Number of protein chains: 2
Amino acid sequence: MKPKIEDVAKVAGVSPTTVSRVLNDRGYISGKTKDKVYAAMEEINYVPNDLARSLYNKRSYLIGVIVPSTGNPFFGELVAYIESICDEKGYKVLLCNSLHEADKEKKYWEMLRRNQVDGVIVVTYNRGLVDKEQQFPAVAIDHYLSEHIHVVSSDNFQGGELASRELLETGCKKIIHINGDANLETPANNRQYAYERVMKEAGRTPETYHVVSDAAFLESNIGTIQQLFEEHPDVDGIFASDDLLAIRTLQYAEHLGYKVPEDLKIVGYDGTSLIRSLYPNLTTIIQPIYQIADDAVQTLIQEIDNTSDDRKEKTFPVSLWKGETTGSFT
Amino acid sequence: MKPKIEDVAKVAGVSPTTVSRVLNDRGYISGKTKDKVYAAMEEINYVPNDLARSLYNKRSYLIGVIVPSTGNPFFGELVAYIESICDEKGYKVLLCNSLHEADKEKKYWEMLRRNQVDGVIVVTYNRGLVDKEQQFPAVAIDHYLSEHIHVVSSDNFQGGELASRELLETGCKKIIHINGDANLETPANNRQYAYERVMKEAGRTPETYHVVSDAAFLESNIGTIQQLFEEHPDVDGIFASDDLLAIRTLQYAEHLGYKVPEDLKIVGYDGTSLIRSLYPNLTTIIQPIYQIADDAVQTLIQEIDNTSDDRKEKTFPVSLWKGETTGSFT
DNA sequence: CTGAAAGCGCTTACAG
DNA sequence: CTGAAAGCGCTTACAG
């Protein structure tokens with residue numbers, strides 16, 4: 001049997017109340033008693049039961065984190081940061097990989113409620129999850145969920161602009177955009193709007209191809225990329241809405257015989273540490289993942305500590321990582 | 001206030017006992033009563049409190065997962081699989097990123113105990129964590145932890161052999177091995193032993209360089225790689241103990257003017273979906289990540305359901321992914 | 001088929 | 001400075 005507070009009390013020759021007080025450093029306790037209690041805890045290898053504590057305190061220090069999949073490097077890094085920051089602040093993370101399935105998200109949401117999490121950080125592209133009254137504090141990353149849920153994101157519009165302008169400025173004549181699943185309401189939508197706007201302002205005709213990805217965004221339909229090159233062999237600039245897509249496009253283009261950046265320039269999106277380390281040549285838009293994670297956790301904890309009514313919305317600027325895929329090889 | 005079982009009981013006009021019975025589908029209850037109870041739960045938007053349940057049942061359906069960092073694609077994928085499989089089986093995952101720090105691991109281990117997890121799946125390269133009596137069911141991935149803890153891994157020795165032989169068979173004269181941190185007791189050690197054995201059997205002199213990595217294995221000291229090429233400009237085969245290392249080596253080699261695979265052949269290790277998708281050209285050893293995850297979860301749950309005394313040790317075979325970095329360009 | 005009571009391990013007013 | 005008692009939300013023998 002796991003030792004409980006009562007066992008410690010017996011060994012230390014005090015009451016359970018006193019043990020609890022020592023544990024929580026609450027009220028006045030003589031140094032001697034404290035020592036006795038600590039010794040007793042040590043002796044029987046006692047560890048408090050957080051379930052029982054949480055039950056009484058109505059505070060679990062548990063935070064639910066819902067992402068599509070940690071298998072995708074963007075979410076893998078995001079979750080690693082979120083967890084580390086939570087740990088620093090005394091919170092624990094209950095991890096949920098939704099795989100973009102709306103019903104999984106729904107089930108996870110309820111699971112988190114049952115487990116009395118203090119709050120939730122969620123990356124979801126399915127609306128309408130948060131029906132009814134707001135259940136508990138939540139922060140959405142990169143997506144508007146409801147009028148009660150805070151959102152923290154990086155500036156997707158700015159990112160789209162930066163990427164599009166980079167291609168314009170490096171002399172591309174025919175710039176095409178590749179985006180993810182058109183049915184998903186992702187932050188990438190704003191990247192597309194920005195692209196369209198920049199194109200129009202420059203007197204160009206925007207054109208976007210949509211690629212269907214799997215849940216982890218790991219594989220993506222190469223068919224669409226093929227189609228792009230068949231329909232527009234004269235393309236000389238591509239803005240892909242994420243780095244994996246950009247790299248796949250790059251590979252396919254080289255396979256077709258295009259030289260990058262001479263014949264074709266490419267800009268990706270996300271700029272995770274991993275991709276920057278593996279493909280330092282790829283020009284991309286860097287999202288400040290750590291800042292997003294940090295702000296999401298901070299905002300959530302603030303909300304947990306004192307529920308306020310005003311929804312917060314924070315947006316962090318992105319930056320351009322200039323690699324050789326848009327470099328002018330002279 | 002969150003509704004509790006008592007509130008449901010009042011609305012339904014029955015006792016809390018009955019509500020609990022309906023909830024757990026236990027004992028005989030008339031259809032009518034059931035309906036009334038369900039209706040009441042629906043009406044007040046009731047969700048059971050799993051903390052209270054777990055407290056009573058001494059079963060939390062919580063599993064702790066400790067990995068270095070989900071930011072590393074290998075662990076990101078592993079964790080994604082583990083979590084999905086756990087979810088399927090009704091378990092929830094408490095995520096811990098140890099960042100390879102022994103004292104963080106220790107703290108996490110205690111945190112998991114406090115939270116009454118039913119078991120733990122751990123990837124750690126620090127020994128001596130599991131002192132005292134075994135606290136609860138645990139499965140270690142890729143590493144022997146104690147005589148009570150199951151271990152599941154892929155065949156690292158076989159992987160090292162496959163990689164080394166591949167280089168031998170593709171005609172390399174001078175084959176060097178790059179491994180991770182020499183101070184960490186990782187599964188990569190066995191890859192190195194296999195390399196050394198194969199080299200000796202072929203009458204070669206094995207030579208291994210050690211690279212110091214950061215916690216997430218994302219960055220690694222390029223200095224060591226530089227040194228390798230300075231000391232052995234005639235190297236024509238490199239076996240790197242993970243893919244990220246392999247890719248960095250590849251990049252550095254190309255930067256130095258080596259042509260891969262003509263002048264230099266490279267084999268990596270891990271073969272995550274991500275890397276295979278991003279660098280399909282890289283010859284690598286594929287670890288069966290899904291199988292490892294699946295077996296780890298299964299073994300753990302089995303252990304939770306009926307603690308047995310015999311430690312299980314399972315090893316899955318790896319396979320060679322033949323890319324162009326060892327291809328013979330003719 | 002259904003209810004009252006005790007208990008899971010902890011904490012916190014309330015006394016002393 | 002310390003203890004006895006009630007309660008967090010649930011479940012399960014035990015009665016009926």
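None of these values were measured; they are calculated from a predicted model. Numbers restart at 1 for each chain; the letters A, B, ... are given by sequence-line order, proteins then strands.
- Comparing B/L55 and B/R26 against DNA chain D, the residue whose closest nucleotide sits nearer the 5' end is B/L55.
- Summarising the base pairing, D/dT2 is matched to C/dA15 through a Watson-Crick or G-U wobble pair whose two defining distances lie under 3.5 Å.
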Passes side-chain hydrogen bond (donor to acceptor under 3.5 Å, both in side chains), B/T17 versus B/S20? Steps please. CA-CA 5 Å; B/T17 309; B/S20 173; over 6 Å; no
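- One can place CZ of A/R114 at 10 Å from P of D/dC10, the figure rounded to the nearest angstrom.
- Taking side-chain N and O atoms only, A/T33 has a distance below 4.0 Å to OP1 or OP2 of D/dT2.
- Residue B/Y46 places at least one side-chain N or O closer than 4.0 Å to OP1 or OP2 of D/dC10.
- We find that CG of A/N49 is positioned 5 Å from P of C/dC10, with the value rounded to whole Å.
- Comparing B/G13 and B/N57, the nucleotide of DNA chain C nearest to each residue sits closer to the 5' end for B/G13.
- Rounding to whole angstrom units, CG of residue B/D50 and C1' of D/dC8 are separated by 15 Å.
- Checking the phosphate oxygens (OP1, OP2) of D/dT2, no side-chain nitrogen or oxygen of A/T18 falls inside 4.0 Å.
- For the pair B/D25 CG and D/dT12 P, the interatomic distance rounds to 12 Å; values are reported in whole Å.
- Under a cutoff of 6.0 Å and an axis angle of 45°, A/R59 and A/Y61 form a cation-pi pair.
- Ion pair A/K58/A/D118 not flagged as a salt bridge, since none of the NZ, NE, NH1 or NH2 atoms sits closer than 4.0 Å to an Asp/Glu carboxylate oxygen.
- For B/S20, counting side-chain heavy atoms from C-beta on, the closest listed nucleotide (D/dT12, C/dC10, D/dT2) is D/dT12.
- Backbone-only contact: A/N24 has heavy atoms under 4.0 Å from sugar-phosphate atoms and none from a base.
- In this structure, B/K58 reaches the sugar-phosphate backbone alone: every heavy-atom distance under 4.0 Å involves primed, P, OP1 or OP2 atoms, never a base.
- Whole-Å rounding puts the A/K32 NZ to D/dC1 C1' distance at 13 Å.
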Evaluate the criterion salt bridge (charged side-chain N to carboxylate O under 4.0 Å, His left out) for residue pair A/D87 and B/K104; output intermediate values, then yes/no. CA-CA 10 Å; A/D87 179 55; B/K104 278 206 96 176; 3.4 Å; yes
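- As a whole-Å value, the separation of A/M41 CE from C/dC10 P is 11 Å.
- Checking A/P3 against B/K34, the closest nucleotide of DNA chain C that is more toward the 5' end is the one next to B/K34.
- Taking atom CG on A/D7 and atom P on C/dG9, their separation rounds to 9 Å, with Å as the unit.
- Atoms CD1 (A/I5) and P (D/dA4) sit 14 Å apart, rounded to a whole Å.
- Residue B/R21 has its side chain nearest to C/dG3 when only D/dA4, D/dC10, C/dG3 are considered.
- Ion pair B/D50/B/K92 flagged as a salt bridge, since at least one NZ, NE, NH1 or NH2 atom sits closer than 4.0 Å to an Asp/Glu carboxylate oxygen.
- In this structure, A/K106 does not pair ionically with A/E110, as no charged nitrogen and carboxylate oxygen lie closer than 4.0 Å.
- Taking 3.5 Å as the limit, the base of D/dA4 and the side chain of A/T17 contain a donor-acceptor pair of atoms between them.
- The side chain of A/L23 lies closest to C/dT11, out of D/dG3, D/dC8, C/dT11.
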